[in-house]
Every structure is written in C-alpha cells, then in structure tokens.
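Data first, discussion second: the structure below is written as structure tokens.
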Amino acid sequence: MDLVSFARGPALEVALAVFCLGVVWRIVGFALLRIRRNFNEPRNSLVKAIIGGVIATGSRSWPHSEFTVRTGAGEALGYGYHIGLFIVILAFAPHIAFFGSLFGVTWPALPNSVITIFSVLTFTLLLAVLFRRVTHRVLRMLSNFDDYFSWFITTLVIVTGLMATAHIGGPYQTILGLHILSFDALLVWFPFGKLMHAFYIFPSRAINGTLLSRKGAAS
Amino acid sequence: MAHYHDQPTIGEMLERHGVSRRTFIKYCTAMASALALPPLAGRAMAEQLRAALRPSVIYLSFQECTGCLESLIRSFSPSIENLIFDVISLDYDDTLMAAAGAQAEMARDKAMKDNYGKYVLVIDGSVPTGANGAYCALGGKSAVDILREAAKGAAAIVCVGTCSSFGGVPFADPNPTQAWPVSDIVSDKPIVNVSGCPPIPEVITGTLLQFISTGKVPDLDEYRRPKVFFGNTIHDRCYRRPFYDQGKFAKSFDDEGARNGWCLFELGCKGPTTYNACATTKWNGGTSFPIESGHPCLGCSEPNFWDKGSFYSALSAPRWGKAGEVSPGDVLKVVGGAAAVGAALGVASAGLSRLRQRHIEKSTTNNEAKES
C-alpha cells in the first residue's frame, strides 16, 4: 500500500474515528458537569441572563475598547489566519471532492490561484502569530506544548498542501500522502489539544455570559 | 528467423531497402529529439546504429492479455515493420512468429545460445509462482523457470506493460496465482520497466532503440522507468490543466463541464499521480489520448493501480471499506460508532467529576462544621 492509499484509507478512517470519539467525549463530559449553585439573589431574570449570554458570545469577539491598542493586532492576526484556513479548506476543489465523498454534498470551488494566494497569506500569518508568541514576554510565559504543537500541526497541513500544489519537495504523490497524513494527525490531535476551542469557544462564552449576567455583570 | 551473426549491419539492411543515409539521420534526429537527447546525439545515434549488427531480441509473453503486443504493433515511429526487419532481429515472439510448437521453442533456445550475454529480453506479463508455476506454462516449462533461464544470458531486460513491471491485474488483491513482477524474480540484470496498460507503442520502441543505439540502460526513475518518457505526470502536461487551475470541473460524463472539456479530476482522473507520456506522445500516431476522449486517466502506468479504489472516485476522496469506496453510510458507521463510545466516556468522566466534586464539598462542609 502506497503512502497516499494509506493516508486516505486506514489512517483517515482511524483519525476520523478518534476525532469523533474525542470531540463527543469532551463535549458530553463538559455538558454534564455540575454547575456550582449560586446562593446569591439573582440580579437579572433567567431570560435576561440568557440574552446577556448571547450578547456576550458576540461582544467578546473583539477586545474591549480599553484593550484594543494592546491586543487588537494579535486578535486581527488570529482572525486573518482563521479566515484563510476556512477559505482554503472549504473552497479548494480537491477538498470539496473530499467532503463530497464523505457527506455526499458539494459546492462550487474557487480558482486555484485564489486558493494559493490565501494559502500563502495564511502561512505568513501563522508565522507572524508564532513570532508574536515567542517574542511577547507574557504570551511566551503562558504558552505550553499544547500551543506550539497545535500551531505546528496546523502549519504542517498548510505547508504540505502548498508543496503539493507547487510540485516541490518530492514526487507529487509522496507530498500529497504527507499532506493527507498531516491532516490525519491534526484530526487525532484536535479533541485533546487547544484546537478543541473550535467547539468550545461559543458555548463557553454563552454559558459564562449567562452566569455572569445572572449576577448582574454587563455583557 | 535468421541467425544473428549471419545478418548484415543495420546500415546495410537500410541501404537494401533504399533508405538513404540522409533520411536515416533525419529519422535518428527525430528519435533523439523525442528521447530528449542532446542535439548532436541524433547523428551519433545514426552512425552507431548503421554500423551495429541487428541485436537479437527475445520477446516472452507470460500471464498477460496481449494488449501490450497489440499496442507495440501499432507503433508509427518507428513502425513495427521497420523495427523488426531493419533495426532488431526478433528471434522469438510466440504471437508474431510463423513457427509454432517445438520449432518455436528451438528457435528461442538457439537464439539464447548464439547470442548469450548480448540479447535483449523483452517480458510481457507477470510471472505466476503459485502451484509451482503451473498457472502459466509454455512447452511444458513454467513461466518462472523460462524467465530464470532466459534472464541468465540477457544483456538487459525490458519489461513491457504494467504486469511485467509491477504485477498488474494478476498481482491485484487477492493475487490468486501468486504472480510477481519480473524485478521480484530477477535481480542480477539491468531491468527497464516500460509500464502502462498497455504502454504507448512509441515508448516501447523508443526505449528499445535508445538501448540498442547507446548500449546503455537509459536514466531511470525510482520504479526503473525511463525518465525521458516517465519524467512528468499526465497532469503536468495535460491540455485540460488550465481548467484545473481555474477550478472548473466536469461533475459527470454528460454535464456542461464535460461538454466544455473541463478538468476530469472530480470524475476520478489519476493524472496528478501518474507518470507517463500520454499527454505528449499520445496514441495512434499522436492522434489523442484518453483524457482527450473525455475519460479520466486510470493511472495505469503506476504500481498497484488496480488496488487503488474506484477509477471514478476523486484522487483526494477517502477510501476504505469493501471496494475502497466510501459512502456517506460508511462514514456514518465510523462516526456513529466513535461518537457512541465518546458519549459513554463523556458520561463516565462527568459522573466521576461529580462524585469528586461532591466528596470535596462534603469534606469542606465537615471541616467548616468542626471549626465552628
């Protein structure tokens, strides 16, 4: 069995199973945790608190005006590569063919030249966020293996994808195999590292926002 | 078929057929150009070929469908007649030769003996080794024994077709005859694989000509294929490549994309991972190649192409399960099963956490009660 066949065959099957198992495990595990009872008099009604939670989900998507100067650039970098990743993953024809065979649904693709531009931009932004992480004193102290490995595995998928498209670094099928294999590795790592924020980010904002709003905090 | 040493040189043969030196140099220059050799190589090739004796070629067919030979006899440049009458001495080919039975076997044995160490052995078909080689036998001898015997005196072995190069259809899972490619059986001779199902006729004749004119095995890739013909992927040279780059794909064989000649990637084209000269040399004297006729590349010149799933599923599509095809139902099975296990683990984890939480709360309450 060659590398491509292995990567899109048994490796992908196992990676997909681990991904689903891990994601459901963590979501169910968190969802069933007991929320500590609050004995204080609620400042807001439950409905108002839920509305506050919904507002907080959106309003926390950009730093408060007080912190914009200090953290705005970092957040903008984050948004930049996230948008780039979404475009590259969802609008590249071979990726659409991949999703099509998995879920039976396809959609129009963007031209390869546009995808290549977004891929290069995304890679550049990923380098920039790494640079910021290692040069920012506080951020560096807050970072652990999880942060760096999650960055590495995401960047590896982008780099091998670019190499496959540009036909550099070896025979196409080898690079394609490495690209799919790196995606398989990303799927396996996803539920157990910080990449899981993709599933947690909005529910956690909503839950925290609701609880704090119930206590009277501004959303 | 005439004896090798009794034969005139290639130049003498050509003169007899009225081929002038000038015409022959032209022909060799064209061939050198096709082989991507330096500009002066055509002249050198012509001189060398004119002075050379016609080398003996023994063509053995084993577990195969004769498609490769069918392809070879449709060579336009050089034509098969030119090749076997002017350039080589085809001393044995059980399909093409007039002799049959014991006469044919004798001709092969005589050619092998007379040209020991000099002849080119061309193999077509894989070599079955199961049941002591009984699945393929010629004149009472198994293919594997004939190959071993013939390989001993060969100057080089040219494997024509994917079966002799990589095992091909007989080698495909479950390989009931335990068929193997030639390179798995013979290891002490130079082997050139001209893969394809079938290979392009001009690639077969071009490879033979290059070996005969230079006396050397051409530059080979990792699968022992001549780089000159197998140096690029079909995708690299495909005239539909601009549509791939623009993201324009045919979704079915009769949609607007197919009628407009858009890229066949989504219909399973294996061009991006297939190394061959189809898109440049083409077939039937340069008329067309499969993609030009609206069919995706099957990847037939690559090892194990029969075992790589459906010809019609995209290269980037996942493949597992019975036929290597993944349906949404297969995905649901994997995802559903994993999700059920994940949910059970999640419930168990949350239960443990709650127990621990309760235990901590109880001990905190007890401590507070004691303190008060």
Side-chain angles (χ1 to χ4, degrees), chain A residues 1-2 4-5 7-34 36 91-106 108-116 164-165 167 171-174 176-177 179-180 191, chain B residues 221-222 233 235-236 244-249 251 263 265-266 268 270 272-275 299 302-304 307-309 313-321 324-332 334-354 357-358 361:
Chain A
M1 185 179 283
D2 61 35
V4 178
S5 301
R8 68 191 183 118
L12 180 65
E13 189 178 7
V14 170
L16 201 61
V18 172
F19 172 80
C20 292
L21 185 148
V23 166
V24 175
W25 178 3
R26 291 199 65 185
I27 288 176
V28 171
F30 270 94
L32 296 183
L33 278 181
R34 193 158 61 99
R36 191 184 287 177
F92 185 40
H95 296 168
I96 296 169
F98 171 82
F99 291 120
S101 52
L102 275 184
F103 308 116
V105 187
T106 59
L110 280 176
N112 285 10
S113 50
V114 177
I115 297 294
T116 306
T165 312
H167 289 244
Y172 176 79
Q173 61 265 45
T174 307
L176 179 66
H179 176 58
I180 301 174
Chain B
D221 70 4
E222 58 180 328
T233 64
H235 186 64
D236 286 337
Y244 173 87
D245 292 335
Q246 289 165 30
K248 291 178 175 172
F249 298 92
K251 310 277 181 192
C263 179
F265 181 90
E266 290 189 20
K270 306 295 184 288
T273 55
T274 304
Y275 289 78
E302 294 300 310
N304 306 317
D307 286 330
K308 289 181 177 173
S313 70
L315 200 55
S316 59
R319 55 174 299 263
W320 66 74
E325 279 288 303
V326 178
S327 67
D330 295 327
V331 178
L332 202 65
V334 173
V335 170
V341 176
L345 285 170
V347 170
S349 307
L352 280 173
S353 292
R354 279 176 176 243
Q357 229 172 344
R358 199 163 293 162
E361 278 176 6

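Computed over heavy atoms, backbone and side chain alike; hydrogens, waters and symmetry mates excluded. Residue numbering restarts at 1 for every chain, and letters A, B, ... go by the order of the sequence lines.
Closest approach of A:Ala93 and B:Phe249 over heavy atoms only: CB-CE1, 2.9 Å. B:Tyr244 and A:Pro94 make their closest contact through OH-CG, 3.8 Å (heavy atoms, listed as atom of the first residue, atom of the second, distance). Nearest heavy atom pair, residue A:Trp25 against residue B:Ser349, reads NE1-OG, 2.8 Å. The nearest pair of heavy atoms linking A:Arg8 to B:Ala314 is NH1-O, 3.4 Å. Shown here for B:Pro272 and A:Tyr172, the closest heavy-atom pair between the two residues is O-CD2, 3.0 Å.
For the set B:Asp245, B:Thr274, B:Val334, B:Asp221, the count of heavy-atom pairs under 4.5 angstrom toward chain A peaks at B:Asp245. Options A:Leu12, A:Leu102, A:Thr174 differ in how many heavy-atom pairs under 4.5 Å they form with chain B, and the most are formed by A:Leu102. Between chain A and the options B:Val331, B:Leu332, B:Leu352, heavy-atom pairs under 4.5 Å are most frequent for B:Val331. When each of B:Asp307, B:Asn304, B:Thr233, B:Asp236 is checked for heavy-atom pairs under 4.5 Å with chain A, B:Asp236 comes out on top. Of the listed residues (B:Gly247, B:Gly346, B:Ala339, B:Ser353), the one with the most heavy-atom contacts under 4.5 Å to chain A is B:Gly346.
Looking at B:Lys308 and A:Asp2, their side chains come closer than 4.5 Å, going by heavy atoms from C-beta outward.
Using a 4.5 Å cut-off between heavy atoms, A:Ile115 makes no contact with chain B at all. Heavy-atom distances place no part of A:Ile180 under 4.5 Å from chain B, backbone and side chain included. Both the backbone and the side chain of A:Pro171 have a heavy atom closer than 4.5 Å to some heavy atom of chain B.
With sequence neighbours left out, A:His179 forms a ring pair (Phe, Tyr, Trp, His ring centres under 6.0 Å) with no residue at all.
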Please set out all donor-acceptor pairs under 3.5 angstrom arising from side-chain atoms of residues 27-34 of chain A, sequence neighbours excluded.
unit_1	atom_1	unit_2	atom_2	d
A:Arg34	NH2	B:Glu361	OE1	3.0
A:Arg34	NH2	B:Glu361	OE2	3.1

